[in-house]
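Data first, discussion second: the structure below is written as structure tokens.
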Amino acid sequence: MGKKISNLEDLGGFVFSTNASFSYEESDEDQIPLAANEQRLEAHLDKKNRGGKVATLIKGFQGSDDDLKSLAKQLKTLCGVGGSAKDGEIIIQGNFRDKIMEHLSKQGYKIKRVGG
């Protein structure tokens, strides 16, 4: 099942216009990538809906999907485990929060430990 849509913002912006002279222009606001030192990331540990297994979540990444997937691949390689990148989050299998936080802070990211 897909994600539940609760308002028009979840559709991603413009939906439909009956004005014949209307032209849609994408805003550059979403497309400007932030440098690593401007990013504010959060490191979480999560066990929900994972059969009791722990996963490390990195939230708050701002950038393109390709950049997110690239960072996720880098972290998966660092830890030697699987994971994924979707919905602006990086999911790494296992408890590697300290190792990931240290690695990201060396790269210039501002990362904060959230939760126990």
Side-chain angles (χ1 to χ4, degrees):
M1 278 201 127
K3 186 176 175 183
K4 184 177 178 181
I5 297 174
S6 58
N7 60 28
L8 290 178
E9 295 284 325
D10 293 340
L11 292 174
F14 175 71
V15 179
F16 181 76
S17 175
T18 57
N19 186 353
S21 63
F22 179 80
S23 66
Y24 177 69
E25 296 177 14
E26 291 186 29
S27 66
D28 293 335
E29 188 175 302
D30 294 337
Q31 298 174 357
I32 299 172
L34 290 177
N37 60 355
E38 296 174 354
Q39 298 267 0
R40 304 219 185 281
L41 303 178
E42 296 178 348
H44 299 257
L45 280 183
D46 187 35
K47 287 196 286 189
K48 295 181 182 174
N49 299 324
R50 301 186 198 288
K53 297 185 178 176
V54 177
T56 304
L57 300 177
I58 306 298
K59 297 182 180 182
F61 183 82
Q62 296 178 352
S64 69
D65 285 341
D66 292 336
D67 294 338
L68 179 70
K69 289 180 182 180
S70 173
L71 182 61
K73 182 174 181 171
Q74 189 180 78
L75 295 176
K76 291 188 295 184
T77 303
L78 171 75
C79 299
V81 295
S84 66
K86 59 183 177 182
D87 299 331
E89 292 182 345
I90 299 173
I91 303 169
I92 304 294
Q93 296 173 351
N95 183 359
F96 293 100
R97 183 164 51 174
D98 295 331
K99 189 174 189 177
I100 290 172
M101 287 177 65
E102 182 181 328
H103 179 74
L104 290 175
S105 63
K106 284 181 183 176
Q107 287 189 334
Y109 290 96
K110 294 176 183 165
I111 187 155
K112 177 179 162 183
R113 181 187 199 107
V114 177

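Partners of Arg40 according to the side chain to side chain donor-acceptor pair (under 3.5 Å) rule, which considers only residues two or more places apart in sequence or in another chain, do not exist here. The side chain to side chain donor-acceptor pair (under 3.5 Å) check on Asp98 picks up Arg113, with sequence neighbours excluded.
A chain of hydrophobic side-chain contacts below 4.5 Å, direct or via other Ile, Leu, Val, Met, Phe, Trp or Tyr residues, connects Met101 to Tyr109. There is no path of hydrophobic side-chain contacts, each under 4.5 Å, that joins Ile91 to Ile100.
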For a quick test of your reading: what N or O donor-acceptor pairs under 3.5 Å do the side chains of residues 69-86 make, sequence neighbours left out?
unit_1	atom_1	unit_2	atom_2	d
Gln74	OE1	Gln107	NE2	2.9
Thr77	OG1	Lys73	O	2.8

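The closest side-chain heavy-atom distance from His44 to Lys59 is below 4.5 Å. Contact annotation: the side chain of Ile90 never approaches that of Leu57 to less than 4.5 Å [non-hydrogen atoms, C-beta and beyond].
One finds the CD1 atom of Ile111 at 4.0 Å from the CD1 atom of Ile58 (value rounded to the nearest 0.5 Å).
Formation of a donor-acceptor pair under 3.5 Å by the Gln62 side chain with backbone atoms of Gln39 is not found in this model.
Under the side-chain contact (heavy atoms from CB on, under 4.5 Å) rule, Arg97 has a single partner from Ile92, Val114, Thr56, Val54, which is Thr56.
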